[in-house]
Amino acid sequence: MANLCKTLAYDDYPAFYQEDNRRHRGFNPTSKAFLEAKFGTLLPAHLLQGKTVLDLGSCYGAAGQWALFNGAARYTGVEVQQNYVSESRRLLAHWQDRVEIIHQDVRSYLLATDDQAFDLVLLAGMLYHFVDTKQIIDQACRVASQQVVVETNYPPSMRAGKLPLDMAITEYVTDQEVNLDHGNQSMLGISATTSLSALDILFRLNGFTKQENKLAFPLNPDTVIYDESALGSSDLPIRFAVRYGRDEQQKLTTLESHLPQQSGQKRSWEHDPVSAARTLEYQQQAILLASTAAPGEWRFDAQVAEVFDGIARREIPDYLRVIDLCVRVIGKGKLKQPKIIDVGSATGETLRQLYQAGYRNLYGVDASADMLAKSFQEATLIHSDSFPEIQGPFDYVLNNWTLHFIRNPLEYLEAIKRSLAPGGTLILSDKVSSSACVHDLYYDYKRANGVTEEEIDRKRQQIEGVLVTYPFTWYLNVLANLGLEKIEVINANTAFVTFMAVKPV
């Protein structure tokens, strides 16, 4: 019976959550249950016995109350915001000389601290506030004798499903939030977010390795920040946590450290099969990207299908941005599983991203059998020159970068209009007719992506009469004459325009 009544860290000290200004946040407010779930996962009692703990970005000092209550010998918090410093000193005063709260920025504090001055360093909800992730990690590892515990955010593009989960990246963002130490507000700024695989590399460079896989937080309404799937916007949690322990035997070294003495692993250009294969692959890719079609005979054939994604990314302004816009527009609709068709679905990049976003009622139509053969397959794929009206009605028709290749665009749009469900949405992207100045701006875009003048000229000749452009106003008039409503431009970049229109209910 006594075990059922065991006192927890905040039972006798409710001020750690009752006075924390973050308790007013609409999302992830500080609460007793949240603090217990968070620190119970990051700092289990058996890791704290007799340890000295450094908490970087300590806020109200709740980690200090948890650590000392569960057996830590000493707690040091470093915090740059004055009100958090004053409040945490007051709230932790009952621990007397076992606590030190330092009013200083994290970077300068670390640089002035001795090697291995603390047993355990805690980086909880603060690493993604910095641009230079590696430098902060290097210094945290230097001052930690045993462990570094990290709680941080997944990169936004990874949460959105645009990047593989095992990719080692640091993504820079312009609108990272940090909580302010008073009132009900936060501040936005430029920062960086690092993936788990990248953290593993950065810590191994310092002789620290994971002691277990990602830490599992108990999921409940108080820990929603760790489970964005509860919001329906991602299958990936917003945050993850991991513990790294000192392990010098697994330490990695960098290329730059080997270079002065040329002491690293070497690979022969002449005899190494990997280098030879890479060189051949590069040469073949360069040849394929530069189509050999004769003037006026550009086709989406097997040669183009093989490298279409590379062509699209370097020759279509805002290619990935427009696909992301389509996914987000659909996400703002009321239907959980709308019926969607991608016209000119090519190798299925749009279908793939829709699938990753959770949509399953997907169709793709393309006039090229070669493109469909290379396509993402988790959709109903249709080989046809005409719009597949028999498969309708559709809630969303995506017609991106395709209409200007169709010989009878008005007939095609009429078929789309007939196939849209009442209230259905058409998103249409095309290259529109433009002035010589704007067209040269488009060529500048190609040049910036590595397309040579020779390739630009050859491609211009290859698509002559194959890709037919129409004035911007032609699209507005046609969409209006079809009876579509709410005609809007949702993206435009150097002669490439994306329209959105809705069929009346």
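By convention here, the first residue in the shown sequence is residue 1. In this text the structure is predicted, and so the values were computed from the model without any measurement.
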Considering all heavy atoms of both residues, which atom of [X] and which atom of [Y] are nearest to each other, and what is their separation?
X: Y363; Y: L351; answer: O-CD2, 3.5 Å
X: H129; Y: E177; answer: NE2-O, 3.4 Å
X: V106; Y: G57; answer: CG2-N, 4.0 Å

Out of curiosity, [X] [atom1] to [Y] [atom2], how far, rounded to the nearest 0.5 Å?
X: I190; Y: F130; atom1: CD1; atom2: CZ; answer: 15.0 Å
X: L467; Y: I406; atom1: CG; atom2: CD1; answer: 11.0 Å
X: T30; Y: E19; atom1: OG1; atom2: CD; answer: 12.5 Å
X: N477; Y: L482; atom1: CG; atom2: CG; answer: 11.0 Å

Pair [X] + [Y]: basic N to acidic O under 4.0 Å:
X: R23; Y: D20; result: no
X: K446; Y: E455; result: no
X: K503; Y: E485; result: no
X: E378; Y: R360; result: no

Can a side-chain donor-acceptor contact be found between [Y] and [X] if the only test is distance below 3.5 angstrom?
X: E171; Y: T193; result: no
X: S191; Y: Q176; result: no
X: Q135; Y: Q139; result: no

For this session: Decide yes or no on ring pair (Phe, Tyr, Trp, His ring centres under 6.0 Å) for Y60 and Y84, but give the supporting numbers first.
Result: CA-CA 5 Å; Y60 270 88; Y84 281 154; 5.1 Å; yes
Problem set entry | Side-chain donor/acceptor of R204 to backbone N/O of I201, under 3.5 Å |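 Answer holds: no.
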Exercise. Within 45° of the ring axis of F394 and under 6.0 Å from its six-membered ring centre, is that where the NZ or CZ of K339 lies?
Worked result: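 Checked: cation-pi criterion met.
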Exercise. Going through the distances and angles, do E488 and F499 end up as a side-chain contact (heavy atoms from CB on, under 4.5 Å)?
Worked result: CA-CA 6 Å; E488 301 174 272; F499 302 88; over 6 Å; no
Problem set entry | Residue pair D132, R107: steps toward the salt bridge (charged side-chain N to carboxylate O under 4.0 Å, His left out) verdict | CA-CA 10 Å; D132 49 351; R107 189 192 316 281; 2.4 Å; yes
Problem set entry | Chi angles and distances behind the salt bridge (charged side-chain N to carboxylate O under 4.0 Å, His left out) call for E349, R313 | CA-CA 11 Å; E349 178 63 24; R313 282 165 171 76; 3.8 Å; yes
